[in-house]
Amino acid sequence: AAASLSDGCKGMKQELLFANNISSDSPGRGAKLDQLSLSVYTGEVLGLFGSRYAGKSALFRVLLGELPVRSGELLWNGSADNPRPKAVRIGKNSAMVGDLLLWESIAMLWNPSATGAALNAARIKKMIRLYLEDYQLSFNLNERTASLSQIEKIAVELVMALRRKVRLLMVDLNGVEGTFQEYEMLRRLLARVCQEQAAVIISTHRAEIISFLSDRIAILFQGQILKTIAQEAATTSGLEALSMTLYQVKKREAQPISALREEVFRVAGLDAGLPEPVEFSLYRGEIFTIVSPQRDMLHILRRRILDGYQEKTSPVLFKGRAIKRLGSLKGIAFLDMQEIDQLIEGLSPLENLCLGISQKAGGLGFAGRNIARCIEQDFTEWYRNGNFLHQKNCRELYKKDRIAINLFRLRLCNAEVIFCNTLNVYNDVVTLHMVRDVLASLTESGAAVCIFSSDSSYQEELAERTVVLGDG
């Protein structure tokens, strides 16, 4: 196992926070905390590992004071009477402004109360450069902030938080993409944070990231800490196996998901060529897998919803409303992995990206140019490459770029229910991770995802529920 990040700080750790059986209400569609107990130490990186709606976001909001504690108590530096220390949450939604030059964005973090007139450009740039170099960070300060990757922005925000004497740094890595070299850089920076006796909590559902960056790992499920383990015992495969075992034990004890979340979709009596009609429900914020010997389940369901196929014998409820025959249905999306790279070849990549956003779209000479620019900027920040968007057409576009356009459009369409077929059949590892991260981010926003597979051995690691339909 890799050496602990805080090896150089042993003997110096102090308990910054003790959460004693705290419970909270649900933050929007997320999970609530349920008698959660946890210690956070200075000079240490604590990893929060859990699936969607495990309670990671709720815990962060409680620690920031944004979500009240319904029961239990928070002890800061050993007492409930002590003031809450400075804390900040850092993640993929960066506080840095993409259109500004990098030094201008950092200057705003350096001194949030300063006005543009109060800043001496040459002086502040020199101070920022020297300060970043002290943390072994080097960037072109005259580049646009949008040129930085997600991990690089997180690194800059961490350093600036240290300068403001923030003692509790919460890093949300859910949906954050980075190279191995970037995560190596982040790991070195976290080691420096430990040396300065700040406390760090990182949050992600990816076992390989959490085991690489953390000193201790707390496994979170439905608002409770199931187990806390040391980094030395946390190999990626071991952590995944342990968490799945704990989840299964806890699921047997827990209330059914129908008692915890809002049902958003239900179908009954669907004839899919199996001995029994198909019936299932979907709930907000979940990823649900149906394993069936019927290979055309996705297309059969699509025909039922969009074309009214079997409408008399198969009732469908969407958000509590019965639907019959709809040529299109806002709020429901179908993602066929065999067609995920298909675009309109004669349009430019940017036109494909913006397709359907404005009724007047056409050659990008429409009234919503500002919308197109915003979409282009958001796409470039998410995908970290937007240079190809202004090509004349899509005929020579790489498959990976095509898939990125369609996945980003899926994010824009505000679908509340997404149906797709097996994620790993038609695509390489890079594409698979892109698809998983987008679906994961959509469930964080309350969407329900249903994955169909005809492979009886298929296990989707993101799924909270799996139903296997027999052929006899």
Please tell me if the side chains of Y183 and V176 come closer than 4.5 Å, counting only heavy atoms from C-beta onward. yes
Would you say the side-chain atoms of S24 pair up with the backbone N or O of P68, donor to acceptor, closer than 3.5 Å? no
Heavy atoms, side chains only, cut-off 4.5 Å: are S149 and E182 in contact? yes
Pair T443-E286, side-chain donor/acceptor within less than 3.5 Å: no
Do T204 side-chain atoms and N174 backbone N/O form a donor-acceptor pair below 3.5 Å? no
Main-chain N/O of F212 paired to R187 side chain as donor or acceptor, under 3.5 Å: yes
R144 side, atom CZ; E104 side, atom CD - distance, nearest 0.5 Å: 7.5 Å
Smallest heavy-atom separation, A80 atom then L75 atom, equals N-CD2, 3.4 Å
Let me see the working for L141 and I106 under side-chain contact (heavy atoms from CB on, under 4.5 Å), right down to the final yes or no. CA-CA 9 Å; L141 297 179; I106 297 177; 4.2 Å; yes
Tightest non-hydrogen contact, residues A372 and L350, listed as O-CD1, 4.4 Å
Side chains of E157 and S94: do they bring a donor and an acceptor to under 3.5 Å? yes
With side chains defined as the heavy atoms from C-beta onward, is the minimum distance between V156 and T145 less than 4.5 Å? no
Please tell me whether T42 and Q197 have a donor and an acceptor in their side chains that are separated by less than 3.5 angstrom. yes
For the residue pair R465 and T289, establish whether any side-chain heavy-atom pair is separated by less than 4.5 Å. no
Could you report the tightest heavy-atom contact between I154 and G91, atom names first, then the distance? CG1-O, 3.9 Å
Side chains of residues 339-346: which donor-acceptor pairs under 3.5 Å do they make with residues two or more places apart or in other chains?
| from | atom 1 | to | atom 2 | distance (Å) |
| --- | --- | --- | --- | --- |
| E345 | OE1 | R402 | NH2 | 2.8 |
| E345 | OE2 | R402 | NH1 | 3.0 |
| E345 | OE2 | R402 | NH2 | 3.1 |

I need the L74 CG to W76 CH2 distance, nearest 0.5 Å. 6.0 Å
I need the D401 CG to E396 CD distance, nearest 0.5 Å. 12.5 Å
If you round to the nearest 0.5 Å, how far is CZ of R163 from OH of Y135? 10.0 Å
Atom pair OH/CG of Y131 and L137 - distance to nearest 0.5 Å: 10.5 Å
Given 3.5 Å as the limit, does a donor-acceptor pair link the side chain of K56 with the main chain of L48, or not? no
Does the side chain of S39 pick up a donor-acceptor pair with the side chain of E15 at under 3.5 Å? yes
Is any side-chain heavy atom of R216 closer than 4.5 Å to a side-chain heavy atom of I229? no
What I'd like to find out is whether the side chain of I451 reaches to under 4.5 Å of the side chain of C420, using heavy atoms alone. yes
Heavy-atom neighbours of E73 CD exceed 12 at 6.0 Å: yes
Please determine if R192 and D134 form a salt bridge, counting it only when a charged side-chain N lies under 4.0 Å from a carboxylate O. yes
Could you tell me if the side chain of L38 sits less than 4.5 Å from the side chain of F18, heavy atoms only? no
Any heavy-atom pair between the side chains of F408 and D378 that's under 4.5 Å? yes
Of all residues at least two apart in sequence or in a different chain, which pass the salt bridge (charged side-chain N to carboxylate O under 4.0 Å, His left out) check with D172? R89
Is any NZ, NE, NH1 or NH2 atom of the basic residue among R284 and E416 found under 4.0 Å from an Asp or Glu carboxylate oxygen of the other? yes
Crowded around E133 CD? As in, over 12 foreign heavy atoms under 6.0 Å? yes
Qualifying residues under ring pair (Phe, Tyr, Trp, His ring centres under 6.0 Å), relative to F419, sequence neighbours excluded: F265, F334
Quick check: does any side chain N or O of S147 sit under 3.5 Å from a backbone N or O of E143, one acting as donor and the other as acceptor? no
With a 3.5 Å cut-off and no angle check, do the side chains of S71 and N21 form a donor-acceptor pair? no
